[in-house]
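Convention: sequence-line order gives letters A, B, ...; per-chain numbering from 1. Values reported hereafter were calculated over all heavy atoms of this structure, with side chains retained and with hydrogens, waters and symmetry mates removed. Just so we're clear, the structure is a prediction, and the values are computed from it rather than from any experiment.
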Protein chains: 2
Amino acid sequence: MEFKEAKNKFVQTWGALGSQWGINKTMAQIHALLMVSNEPISMEDIMEELQISRGNASMNLRGLMDWGIVYKEFKAGERKEFFTAEKDLDELAVKISRERSKREIKPTLKILKEVSTIEANNSAEEKHFVDQTSKLYDFVLKADNMLDKMTEFNDNWLGKLFMKMMK
Amino acid sequence: MEFKEAKNKFVQTWGALGSQWGINKTMAQIHALLMVSNEPISMEDIMEELQISRGNASMNLRGLMDWGIVYKEFKAGERKEFFTAEKDLDELAVKISRERSKREIKPTLKILKEVSTIEANNSAEEKHFVDQTSKLYDFVLKADNMLDKMTEFNDNWLGKLFMKMMK
DNA sequence: TTAAACTTTCAAAAATAATTGAAACTTATT
DNA sequence: AATAAGTTTCAATTATTTTTGAAAGTTTAA
């Protein structure tokens, strides 16, 4: 396989994966492209390489910047903007999990708390509902904390020790 | 908040969350409904409660069973089929992570290996591509293994120790 | 201040994904 | 073997999400 083919395959795969994870295809593709590029890329080049419109490129780049995983760069003497992706994978994982926690897990926890604290009458049905949603609340809270700790301690001794233990 | 309202809120929330994670809304809603129900539910009841068609209910129940998180049950004397969800959350997490690994991570690793092992010429561009995709391969492999180990040891002493360490 | 270079926005169009419903299929009962 | 009870399938429809492209907005430079 030659470079161009490999690069294309990577971008396509990352894009398809994105869809399965609720991220739109183009956004994932742009990210893929920036990840494997050794230098900043202009919007023009992204449009060209992925064959997408200016509007599409603009909106998805904005989206990636909102996630904190793509940055704008300015090149001396150049008028236009260039973009780079966070290339440190540990850092990328931290940012993604922080953001997902903020956007999805925290709001879900709020709802779970609400619905699990209703006054159940003594029917088995209502008791089970309260019981199950409470368990879910605890579980999600635990998972969220764990993920947070794991990313936080990612590359320190504690994390490394854990990796060894789990081998 | 009264029971019916809470239940509805939970089902809606779980459904919305599903979409963000690449699971279709109805599938997530059916799962939610079964999770908080203390007894098996028939397809009729699911259709009624979620106001969906027979075909939709059938296909999404099938999907949930393929994930291994919903089971068919037969009630003595009853002709029709009833459904229950896996209610043990640790078990649910294990099944979901196993399945996602099989469906998404493993195929991705295969591609990453392919594209990261091309013969790079000595341009910085190609070198960076190989380097970055190799790192990505290692990272994804490590994460996949970790998740596997974590769910496997979920409720044994090692897991519990880890939880304590991370507090 | 004007014009050029570039970016953002957003309503309309296109693409994709989910849903319906009725026919085909299965299984159990008489 | 015929019928009834129930389930699955899938082409057509409907709903949702993404993309386009051109107008409006910004910034820089002469």
task: Would you please name every residue forming a salt bridge (charged side-chain N to carboxylate O under 4.0 Å, His left out) with Asp88(A), sequence neighbours left out?
output: none
statement: Secondary structure of DNA chain C per the Watson-Crick/G-U criterion (both distances under 3.5 Å; [ ] crossing, | other strand, . unpaired) is ||||||||||||||||||||||||||||||
- line: Closest non-hydrogen contact found for Asp90(A) with Phe139(B) is OD1-CE1, 3.3 Å
task: Taking all non-hydrogen atoms of both residues into account, name the closest pair between Phe82(B) and Pro40(B) and its distance.
output: CB-CB, 3.6 Å
Donor-acceptor pair, distance only, cut-off 3.5 Å: does the side chain of [X] make one with the backbone of [Y]?
{"X": "Ser37(B)", "Y": "Leu33(B)", "result": "no"}
{"X": "Gln29(B)", "Y": "Gln12(B)", "result": "no"}
{"X": "Ser116(A)", "Y": "Leu112(A)", "result": "yes"}

If you look only at distance, which donor and acceptor atoms sit under 3.5 Å apart when one is on a side chain in residues 60-72 of chain B and the other is two or more places apart or in another chain?
from	atom 1	to	atom 2	distance (Å)
Tyr71(B)	OH	Glu86(B)	OE1	2.4
Tyr71(B)	OH	Lys95(B)	NZ	3.1
Lys72(B)	NZ	Glu81(B)	OE2	3.2

- line: Within residues 8-36 of chain B, those residues having any heavy atom closer than 4.0 Å to DNA chain D are none
- prompt: For DNA chain D, which residues in residues 43-80 of chain B have a heavy atom at a distance below 4.0 Å?
  reply: Met43(B), Arg54(B), Gly55(B), Ser58(B), Met59(B), Lys72(B), Arg79(B), Lys80(B)
Taking NZ, NE, NH1 and NH2 as the nitrogens, is one of them in [X] or [Y] under 4.0 Å from a carboxylate oxygen of the other?
{"X": "Lys9(A)", "Y": "Glu5(A)", "value": "no"}
{"X": "Lys127(B)", "Y": "Asp131(B)", "value": "no"}
{"X": "Asp138(A)", "Y": "Lys142(A)", "value": "no"}

Test item: side-chain donor near acceptor, Glu126(B) and Asn121(B), under 3.5 Å: yes
- prompt: Are Glu104(A) and Trp21(B) close enough that a side-chain donor and a side-chain acceptor fall under 3.5 Å?
  reply: yes
- prompt: When you list every nucleotide of DNA chain D with an atom under 4.0 Å from a heavy atom of chain A, which one comes first 5' to 3', and which comes last?
  reply: dT18(D) to dT28(D)
